[in-house]
Student: 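Have a look at the structure that comes next, please.
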Amino acid sequence: FFRTGWPSAVRSLWKETLVCWALMGLAAVVAFLLVRSDPSWFYSIIPAELAGGRDPSASAESLRGTLYDSPDHFLSTFAAYLFTHNSQVAILSFALGFAFAVPTVLLMLYNGLMLGAFFAVFNAKGLGLNLAGWLMIHGTTELFAIAIAGGAGLRIGGAIAFPGRLSRMAAAVKAGRSAATAMIGVVIMLAVAGLLEGIGRQTITDDLTRFIIGWSMLTLWVLYLYVLGRGGSRTE
């Protein structure tokens, strides 16, 4: 599984994964521009309970505090919460793909909208790069996992919408083989992301170190999933 199965399954979903990256990126840009031009858009995108005070009315000092100050006794609880939340998003993106992938696309768009809205708030207070580092340490792994999960959902949804000469059920089963294998790996990636966010991101407060860890993790995932494991049988 780790040597060839998982990397092969992920490589077979590269087109769908790329579409999910594009959807999240486009939505992030749209949300950033909307909130920057009119901060009231933030409240239409982010629920108040999720914002936790990180909204356009917050001062630069309080926003900075959310990036660098975190009580140690909250680390394990926060890591568990993050793993649960992100696992739900990823699994829903995959599981709801059967509905012609429409819910999957909406989840990808909403993830991007949230990211862009938060970035607009912090960037307006001169904390854009600081937020990027805060997110980077775990976000490269987390967003990569969600994009793969979304790609798996798109694969199943596309097979059901366009089954070709197969029945819709047969097409879904065939597409689900590689998608299910990729999803097992997604859970592993989300566990790593949860540890990075709940522990690493809260204890490492140097921006440069955060960027180095984030980019290093992204590089490792790309090398492992798209370079290593070649030569194994492709999962269809």
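Heavy atoms only: backbone and side chains are in, while hydrogens, waters and symmetry mates are out.
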Student: Does anything in residues 16-30 pair up under salt bridge (Lys or Arg N to Asp or Glu O under 4.0 Å), and if so which pairs, sequence neighbours excluded?
Tutor: E16-R155

Student: Between L113 and A31, which heavy-atom pair has the shortest distance, and what is it?
Tutor: O-CB, 3.2 Å

Student: Keeping the roles fixed (side chain from S12, backbone from A9), state whether a donor-acceptor pair exists under 3.5 Å.
Tutor: yes

Student: Quick check: closest heavy atoms across M189 and L225, and the distance to 0.1 Å?
Tutor: SD-CD1, 4.4 Å

Student: So Y224 and W6, would you call those rings parallel, tilted or perpendicular, with 30° and 60° as cut-offs?
Tutor: perpendicular

Student: Over all heavy atoms of both residues, which pair between Y226 and T17 is shortest? Give the atoms and the distance, please.
Tutor: OH-CG2, 4.2 Å

Student: Under 4.5 Å between any side-chain heavy atoms of F32 and L34, yes or no?
Tutor: no

Student: At their closest point, which heavy atom of I46 faces which heavy atom of A117, and how far apart are they?
Tutor: CG1-CB, 4.1 Å

Student: Just one of D206, D207, T205 clears the side-chain hydrogen bond (donor to acceptor under 3.5 Å, both in side chains) bar with Y68, so which one?
Tutor: D207

Student: Heavy-atom distance under 4.5 Å between the side chains of C20 and L154, does that happen here?
Tutor: yes

Student: Take the angle between the ring planes of F118 and F122 and call it parallel below 30°, perpendicular above 60°, tilted in between.
Tutor: tilted

Student: Sequence neighbours left out, what pairs pass side-chain hydrogen bond (donor to acceptor under 3.5 Å, both in side chains) with at least one residue falling in residues 101-115?
Tutor: none

Student: Has T141 got a side-chain atom pairing as donor or acceptor with A193's backbone, closer than 3.5 angstrom?
Tutor: no

Student: Holding to side-chain contact (heavy atoms from CB on, under 4.5 Å), I want the full list of residues that pass it with P56, two or more places apart in sequence or in another chain.
Tutor: P39, F42, Y43, V121

Student: Starting from M136, can I reach I212 by hopping between I/L/V/M/F/W/Y residues whose side chains sit under 4.5 Å apart?
Tutor: no

Student: Could you tell me whether the side chain of T181 and the main chain of R177 form a donor-acceptor pair under 3.5 Å?
Tutor: yes

Student: Kindly give the heavy-atom pair with the smallest separation between T140 and G214, and that separation in Å.
Tutor: OG1-O, 2.9 Å

Student: For D38 and S40, work out which heavy atoms get closest and say how close.
Tutor: OD1-OG, 2.8 Å

